[in-house]
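Heads up, the thing below is written out as structure tokens.
Each chain gets a letter, A, B and so on, in the order the sequences are listed, and its residues count up from 1. Side-chain atoms are counted along with the backbone in the values below, which use heavy atoms only and exclude waters and symmetry mates.
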Number of protein chains: 2
Amino acid sequence: MEQTKMRILSAAAKLFDIYGYHGTSVRKIAEEADVNVALISYHFQGKQGVLETLMASYFETLFRLVGEKEAALAGAAAWKKLAQIVRLYVQFHCEHAAITRLIQRELSVESMLAREVMTLYMSRYKHGLASVLEYGIGTGEFQTCSVDRVVLGVTSHIVYPLLHPQMVRQVYELEPASEEFVNWLYTSVLDFLRVSLIPDSGSSTLFHE
Amino acid sequence: MEQTKMRILSAAAKLFDIYGYHGTSVRKIAEEADVNVALISYHFQGKQGVLETLMASYFETLFRLVGEKEAALAGAAAWKKLAQIVRLYVQFHCEHAAITRLIQRELSVESMLAREVMTLYMSRYKHGLASVLEYGIGTGEFQTCSVDRVVLGVTSHIVYPLLHPQMVRQVYELEPASEEFVNWLYTSVLDFLRVSLIPDSGSSTLFHE
DNA sequence: GTCTATATGGGGATAGAC
DNA sequence: GTCTATCCCCATATAGAC
């Protein structure tokens, strides 16, 4: 049943986040999902299939949202486009913080499962931000810079705090899932981009080669 | 023998980095270290003991270095102090990139082993940067800001790229362990700090409340 | 300190009944 | 689609000889 698959995916997402992929057993997933163990293999061809399904649907959803946003923003000024795309990225990461953590963690393991697939996703992931930056550089709205490095900088800003939710609770006195945190993160990243991209908005030579 | 313990620690650091803590078995560690399996339990009371020893010696070394640097810099201007401490942090993280990755990854797992101990280490870790910032704010050299947030920003900048060495190789065309990368990272973080801390060095309101 | 041998448990996956 | 029962492998840890 379709509901069974969803229950398994939700349970797995939760447990993978808390205990890590290798630290979670299929038996625990089945228990959390209140489903028979054998159904995991039946529906997903094993534990790794569950992980891959989670990651795939995460990225497919993000790419769909980015595509829609880009279509809606055709012809807008580069800065406006950038702000909207960044808002989307921040919101998406915060809303799906558990899977973001999972992916970032597994991605940092050199022997990661399904690395080839993941590399493909990551390049499309980066392209979502990079294309707007390139557009702005093309129109002269942004100063010339290393797009790759700016993308890395933005990603660091957004992702790192999500990797350490306890730290966010302590440092910011905010829940990583709260709207205030999303807003703060968004503003903070935009400030970073303004300094990096807009001439005379600051003296920083950050991310310029 | 002391040499045996070192061989085990080196092998474990390497394998934990590549395969993750749960993804590494004591058998593999023993094999990599060219040592009998039973010796791991004998010397470290099990696999977790190896992890804890690695983390403890990582932090103890960092704290010793920070202490020495601070003593050598007593009475210097805040910006100079800050620059030197940041240089130390960047260098240390890059030189011990494998254990940095390991710690950051395990720390992002909510059910982390030995969380209490690690929380203590992290607070001293942050204090190393925070105390210099507070000193500079006290002398008026830096503008008022949320020290915690600046520390988080700096940490994101330094740590995130190290979590994804493949990305660094691709984006920067640099080895994460190379001196060029250390220099670039150092400059980049200092730029970020200048914009955040020095009045009129930029228009950014980054990390101000 | 080091080794061999083994105890004990848990892991993922599947065959086959319903 | 779902469940039971089971297979087989690998994990960590330790007892006891050297």
Among [options], which nucleotide has an atom closest to any side-chain atom of [X]?
X: B/Lys47; options: D/dA13, C/dT2, C/dG12; result: D/dA13
X: B/Asn36; options: D/dT6, C/dA15, C/dT4; result: C/dT4
X: A/Val26; options: C/dG12, C/dA15, D/dT2; result: C/dG12
X: A/Ser25; options: C/dT2, C/dG11, D/dT2; result: C/dG11

_Check the phosphate of D/dG1 against A/Thr4, side-chain N and O only, distance under 4.0 Å to OP1 or OP2. Yes or no?_
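Checking D/dG1 against A/Thr4, no side-chain N or O comes under 4.0 Å of OP1 or OP2.
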_Short side-chain N/O contact to C/dG11 OP1/OP2 from A/His22, under 4.0 Å_ =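 The answer is no; no side-chain N or O of A/His22 sits under 4.0 Å from OP1 or OP2.
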*Heavy atoms under 4.0 Å, any strand shown: does A/Ser41 hit a base, just sugar-phosphate, or nothing?*
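Contact class for A/Ser41: base.
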*Considering only heavy atoms and no angle criterion, is a donor-acceptor pair shorter than 3.5 Å present between the side chain of A/Arg27 and the base of C/dG12?*
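When only heavy-atom distances are counted, A/Arg27 does reach the base of C/dG12 through a donor-acceptor pair under 3.5 Å.
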*asked:* Quick check: on DNA chain C, is the nucleotide nearest A/Val37 upstream (toward 5') of the one nearest A/Lys28, or the reverse? Name the residue that is more 5'.
replied: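 Per heavy-atom nearest nucleotide, the more 5' residue is A/Lys28.
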*asked:* Do the side chains of A/Arg27 and A/Glu31 get close enough for a salt bridge, i.e. N-O under 4.0 angstrom?
replied: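 Looking at A/Glu31 together with A/Arg27, the answer is no, because their closest N to O distance does not fall below 4.0 Å.
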_Passing option when A/Val66 is tested against A/Glu70, A/Glu68, A/Arg64 for side-chain contact (heavy atoms from CB on, under 4.5 Å)_ =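 Exactly one option meets the side-chain contact (heavy atoms from CB on, under 4.5 Å) with A/Val66, and it is A/Glu70.
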_Selection: residues 6-14 of chain B, any non-hydrogen atom under 4.0 Å of DNA chain D_ =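 None - not one residue of the stretch has a heavy atom sitting under 4.0 Å from the strand.
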*Given DNA chain D, 5'-ward residue of the pair A/Lys5 and B/Gly46, judged by closest heavy atom*: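 Nearest nucleotide further toward 5': that of A/Lys5.
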